[in-house]
Protein chains: 2
Amino acid sequence: MNKMIPAAEALPLNQILPGDCIEVMNSLPEGSVDLIFADPPYNLQLKGDLHRPDNSKVDAVDDEWDQFASFKVYDDFTREWLAAARRLLKPNGAIWVIGSYHNVFRMGAELQNQGFWILNDVVWRKSNPMPNFRGKRLTNAHETLIWAQKSEDSKATFNYEALKSLNEGVQMRSDWVIPICNGGERLKDDNGEKAHPTQKPEALLHRVLVGTTNPGDVVLDPFFGTGTTGAVAKMLGREFIGIEREEAYRKVAEKRISKIRKFDKEALTVSTSKRAEPRVAFGQLVERGMLRPGETLIGPRGQIAKVRADGTLISGEARGSIHQVGAALESAPSCNGWTYWAFKRDGKTVSIDVLRQQIRAEMR
Amino acid sequence: MNKMIPAAEALPLNQILPGDCIEVMNSLPEGSVDLIFADPPYNLQLKGDLHRPDNSKVDAVDDEWDQFASFKVYDDFTREWLAAARRLLKPNGAIWVIGSYHNVFRMGAELQNQGFWILNDVVWRKSNPMPNFRGKRLTNAHETLIWAQKSEDSKATFNYEALKSLNEGVQMRSDWVIPICNGGERLKDDNGEKAHPTQKPEALLHRVLVGTTNPGDVVLDPFFGTGTTGAVAKMLGREFIGIEREEAYRKVAEKRISKIRKFDKEALTVSTSKRAEPRVAFGQLVERGMLRPGETLIGPRGQIAKVRADGTLISGEARGSIHQVGAALESAPSCNGWTYWAFKRDGKTVSIDVLRQQIRAEMR
DNA sequence: TTGTAAGTTGAATCTCACC
DNA sequence: CGGTGAGATTCAACTTACA
């Protein structure tokens with residue numbers, strides 16, 4: 001790592017870097033990336049690449065040895081690129097990997113072995129999968145993604161409300177129905193053949209990036225292919241770094257991404273949770289005279305408490321914050337006093353949360 | 001292995017054997033079982049308590065049998081029971097295992113390491129999963145099953161047509177929508193508490209056994225619990241062998257299975273229910289690029305709103321779902337955004353409902 | 001009896017700012 | 001780094017109570 005240059009400035013943003021992804025990742029400054037999306041190759045047909053100890057004839061035992069050896073080669077490869085990826089991540093960074101049953105179990109186990117902390121596994125349910133023509137198995141209608149943060153105590157970005165909005169106001173689930181990439185989105189080469197065998201749909205990356213990054217975040221894809229990650233990142237105002245070994249793919253991806261335009265800033269603002277709202281102390285309502293010391297608050301089933309000048313409540317034996325007194329009256333471990341308590345105005349019962357909204361509106 | 005007695009006759013069929021599953025499996029004759037269904041401990045590693053937003057406490061799976069000190073301990077356990085299971089299988093035998101992201105990657109990798117040949121991974125999509133109460137992750141709405149045969153050249157049973165029939169005449173896919181086990185099917189103990197924390201639905205086993213065994217086949221479940229595998233096997237005219245360590249579970253299972261009657265052949269025909277129109281989230285149109293963030297939607301009297309990246313709209317001060325913003329502009333309590341909003345294509349105004357129809361057509 | 005409302009529950013790796 | 005306390009957070013299906 002070059003200590004002369006601050007990491008952020010040393011990052012080659014919005015570029016496609018040629019070469020082997022492990023080498024290239026190891027040349028980049030550590031702790032500099034917010035999110036990694038990785039769609040590694042999963043062909044296990046590595047037998048031809050293996051160096052046998054001798055030229056013995058292929059028999060059943062050798063077949064088993066072959067299979068074991070090919071898993072070992074794949075596992076070594078997985079271990080190396082995951083370690084390089086992990087080094088690049090910021091402490092609160094996260095990774096998505098995608099695979100099928102051929103490789104995803106090995107990737108998932110290695111993620112755990114390296115200390116990544118799995119947050120969800122997600123099923124991409126293909127609405128239009130290729131049927132199983134021979135009728136010997138089930139239609140292979142899904143692929144599996146794993147979402148993991150760098151370590152158990154990382155605080156990965158999760159835009160809960162944005163994903164809920166994407167899902168008609170209902171909490172987003174771990175199974176995503178998205179069509180495979182075809183039609184106009186499917187990139188073709190000069191011969192009209194598909195430019196990449198496993199091009200991922202932009203809808204998939206849209207959901208990943210909206211849900212687990214913020215605008216301006218750095219997203220790295222070590223198996224860039226024809227650049228779906230980069231294309232969607234650019235649309236969504238994220239910075240990307242692509243790594244791709246094959247020149248043909250790099251060319252297609254560069255052309256593709258050059259044509260993309262970033263969405264308006266307004267369109268990129270997503271729904272946020274209440275957690276992101278500025279915190280308001282209940283005492284402020286008293287200070288401002290919105291509630292008076294001595295005034296009575298009412299709980300959901302008629303419970304009564306009195307407001308004190310310091311912004312605490314008193315109700316029977318219980319005294320303390322709006323939350324503590326609410327919890328005490330409910331014999332509950334906790335209580336959100338803002339939604340629990342109400343007061344009377346002009347004969348009507350009004351939640352104290354309305355007053356908090358007023359203060360928040362003034363703050364904007 | 002006792003060579004004096006043919007293996008098949010030595011098998012303790014339709015019984016629940018007490019004890020540790022590894023020891024018991026190793027005491028049974030090798031090569032004698034057609035199918036193994038295994039639902040091992042998931043190693044959930046839960047820490048503190050979890051409360052619902054209404055402050056009720058979630059009854060977590062904190063049983064002693066799910067505690068493992070480390071990944072290494074869990075992996076050793078997995079290796080041993082899978083090896084014992086493999087020994088029991090006939091050459092053309094197969095195995096199903098089920099798990100969550102906590103353990104399924106480790107099981108899948110070990111299956112491959114031992115020479116099992118994966119045929120499919122199957123996603124059990126729960127129609128009614130427990131939500132993520134804290135809003136910190138996606139709803140964990142599925143579990144994963146792996147279907148593997150004993151070795152690459154095994155010829156595992158696969159009843160293609162039967163599964164196709166179960167699926168309204170369409171080839172069965174690798175994602176199965178099945179509700180979690182509750183209601184009358186959920187077994188209770190004498191106190192009215194659930195008898196087992198992780199009882200699997202009979203519908204799941206029904207599909208597994210119809211699809212991958214024949215009547216008369218021997219099905220072994222080394223983690224028998226309260227005996228869903230045995231109950232469904234008996235209904236379907238398969239022979240079962242259960243292994244269960246806990247006496248309480250064995251008692252419940254025995255009582256349960258004694259009440260089961262084998263189906264008439266006629267009764268095996270399953271009734272199919274007509275599905276409602278699938279719900280489409282407006283956000284899907286954005287993810288799929290049918291509408292772009294920043295694009296303008298038009299209301300029936302020329303009202304204008306902009307699409308945001310998370311599938312919400314913004315129009316003046318109003319922001320929210322297509323329904324919410326429509327209602328706000330009309331000062332109405334509610335509004336069907338699908339019929340309210342339109343967009344421009346090639347100079348023509350097109351209802352967004354047209355796009356919803358397109359997605360529904362793809363889903364069929 | 002029937003319809004409606006309120007209550008319960010499920011394999012869960014479920015907070016975070018501040019002192 | 002650990003302790004403290006504010007305060008944010010749920011979906012579908014079934015069961016029970018009651019009109």
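Convention: sequence-line order gives letters A, B, ...; per-chain numbering from 1.
Nucleotides C:dG10 and C:dC14, compared at atom C1', are 15 Å apart to the nearest Å. Taking atom C1' in both D:dA19 and C:dT1, the straight-line distance is 12 Å, to the nearest Å. To the nearest whole angstrom, the two P atoms, one in D:dT9 and one in C:dT9, are 24 Å apart. Rounded to the nearest Å, the gap between the P atom of C:dA11 and that of C:dG7 is 24 Å. For the P atoms, the distance linking C:dA17 with C:dT13 amounts to 22 Å, nearest Å.
Between B:D54 and B:R52, none of the side-chain N atoms (NZ, or NE/NH1/NH2) sits under 4.0 Å from a carboxylate O, so this pair counts as no salt bridge. Salt bridge annotation for B:K194-B:D59: present, with a cationic side-chain nitrogen under 4.0 angstrom from a carboxylate oxygen. Between B:K200 and B:D39 there is a salt bridge, with a side-chain nitrogen of the basic residue lying less than 4.0 Å from a carboxylate oxygen of the acidic one. The pair B:E143-B:K126 meets the salt-bridge criterion, with a side-chain N (NZ, NE, NH1 or NH2) lying under 4.0 Å from an Asp/Glu carboxylate O. For the pair B:D75 and B:R79, the salt-bridge criterion is not met [side-chain N within less than 4.0 Å of a carboxylate O]. A salt bridge does not link B:K251 with B:E246: none of the charged nitrogens is closer than 4.0 Å to a carboxylate oxygen.
With C:dA12, C:dG10, D:dA6 as the candidates, the nucleotide lying closest to the side chain of B:A60 is C:dA12. Of the candidates D:dG7, D:dT9, C:dT13, C:dT13 carries the atom nearest the A:W117 side chain, counting heavy atoms from C-beta on.
The shortest distance between the side-chain N/O atoms of A:N336 and the OP1/OP2 oxygens of D:dA6 is not below 4.0 Å. Phosphate proximity of C:dA11 to B:S100: absent, as no side-chain N or O sits under 4.0 Å from OP1 or OP2. Put simply, A:Q324 has a side-chain N or O that comes within less than 4.0 Å of OP1 or OP2 on D:dA6. Not one side-chain nitrogen or oxygen of A:H323 sits closer than 4.0 Å to the OP1 or OP2 atom of D:dA6. For C:dA12, the OP1/OP2 oxygens have no side-chain nitrogen or oxygen of B:K136 closer than 4.0 Å. An OP1 or OP2 oxygen of C:dT8 is reached within less than 4.0 angstrom by no side-chain nitrogen or oxygen of B:R186. Taking side-chain N and O atoms only, B:K126 has no distance below 4.0 Å to OP1 or OP2 of C:dG10.
Distance, A:R360 CZ to D:dA8 C1': 11 Å, rounded to whole Å. What separates CG of B:D62 from P of C:dA11 is a distance of 14 Å, to the nearest Å. For B:L50 and D:dA8, the CG to C1' distance is 13 Å, given to the nearest whole Å. Summarising the geometry, the separation between NZ on B:K194 and C1' on C:dT9 is reported as 8 Å, rounded to the nearest angstrom. One atom, NZ of B:K57, and another, P of C:dT8, lie 16 Å apart when rounded to the nearest Å. The separation between B:R106 atom CZ and C:dT13 atom C1' is 14 Å, rounded to whole Å. Put simply, CG on B:N43 is 13 Å from C1' on C:dA12, counting in whole angstrom units. Going from atom CG of A:L111 over to atom C1' of C:dT13 covers 15 Å, rounded to whole Å.
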Q. Where each pair must be Watson-Crick or G-U wobble with both distances under 3.5 Å, what dot-bracket representation of DNA chain D is obtained, with crossing pairs in [ ] and other-strand partners as |?
A. .|||||....|||||||||
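For C:dT13, the base adopts the syn conformation, since its glycosidic angle falls within 90 degrees of zero.
Between the side chain of A:R275 and the base of C:dT15 there is no donor-acceptor pair of N/O atoms closer than 3.5 Å.
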Distances for protein N/O vs nucleotides 10-16 of chain D N/O pairs under 3.5 angstrom?
residue	atom	partner	partner atom	Å
D:dT10	OP1	A:Y160	OH	2.7
D:dT10	OP1	A:K164	NZ	2.7
D:dC11	OP1	A:Q171	N	2.7
D:dC11	O2	B:P129	O	3.4

Protein-nucleotides 17-19 of chain D N/O pairs under 3.5 Å:
none

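When each of B:F105, B:F68, B:Y42, B:W81 is checked for a ring pair (Phe, Tyr, Trp, His ring centres under 6.0 Å) with B:Y74, only B:F68 meets the rule.
In this structure, A:R125 forms no cation-pi arrangement with A:W176, as its terminal cationic atom is not both closer than 6.0 Å to the ring centre and no more than 45° off the ring axis. A cation-pi arrangement, defined by a distance under 6.0 Å to the six-membered ring centre and an angle within 45 degrees of its axis, is present between B:R106 and B:F71. Taking the ring axis of A:F158 as reference, the NZ or CZ atom of B:R137 does not stay both within 45° of it and closer than 6.0 Å to the ring centre.
Pairing each heavy atom of B:C21 with each of B:P222, the nearest pair is CB-O, 3.2 Å.
Contacts of B:P40 with the nucleic acid, taken as non-hydrogen atoms under 4.0 Å apart, include base atoms. At the heavy-atom level, A:D153 lies nowhere under 4.0 Å from the strands shown. Across all strands shown, B:V104 has no heavy atoms under 4.0 Å from either base or sugar-phosphate atoms. No engagement by A:E152 is indicated, since no non-hydrogen atom pair under 4.0 Å with the nucleic acid exists.
Taking CG of A:L119 as the reference point, atom OG of A:S174 lies at 12.5 Å (rounded to 0.5 Å).
A heavy-atom distance below 4.0 Å to DNA chain C is reached by none of the residues of residues 295-306 of chain A.
Between B:H51 and B:F133, the ring center distance fails the sub-6.0 Å criterion. For B:F240 and B:F224, the gap between ring centers is short of 6.0 Å.
Residues forming a ring-ring contact (aromatic ring centres under 6.0 Å, His included) with A:W124 (at least two apart in sequence, or on another chain): none.
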Taking only distance into account, with no hydrogens and no angle test, what donor-acceptor pairs under 3.5 Å do side-chain atoms of residues 282-289 of chain A form with protein atoms, sequence neighbours excluded?
residue	atom	partner	partner atom	Å
A:R288	NH1	A:E362	OE1	2.6

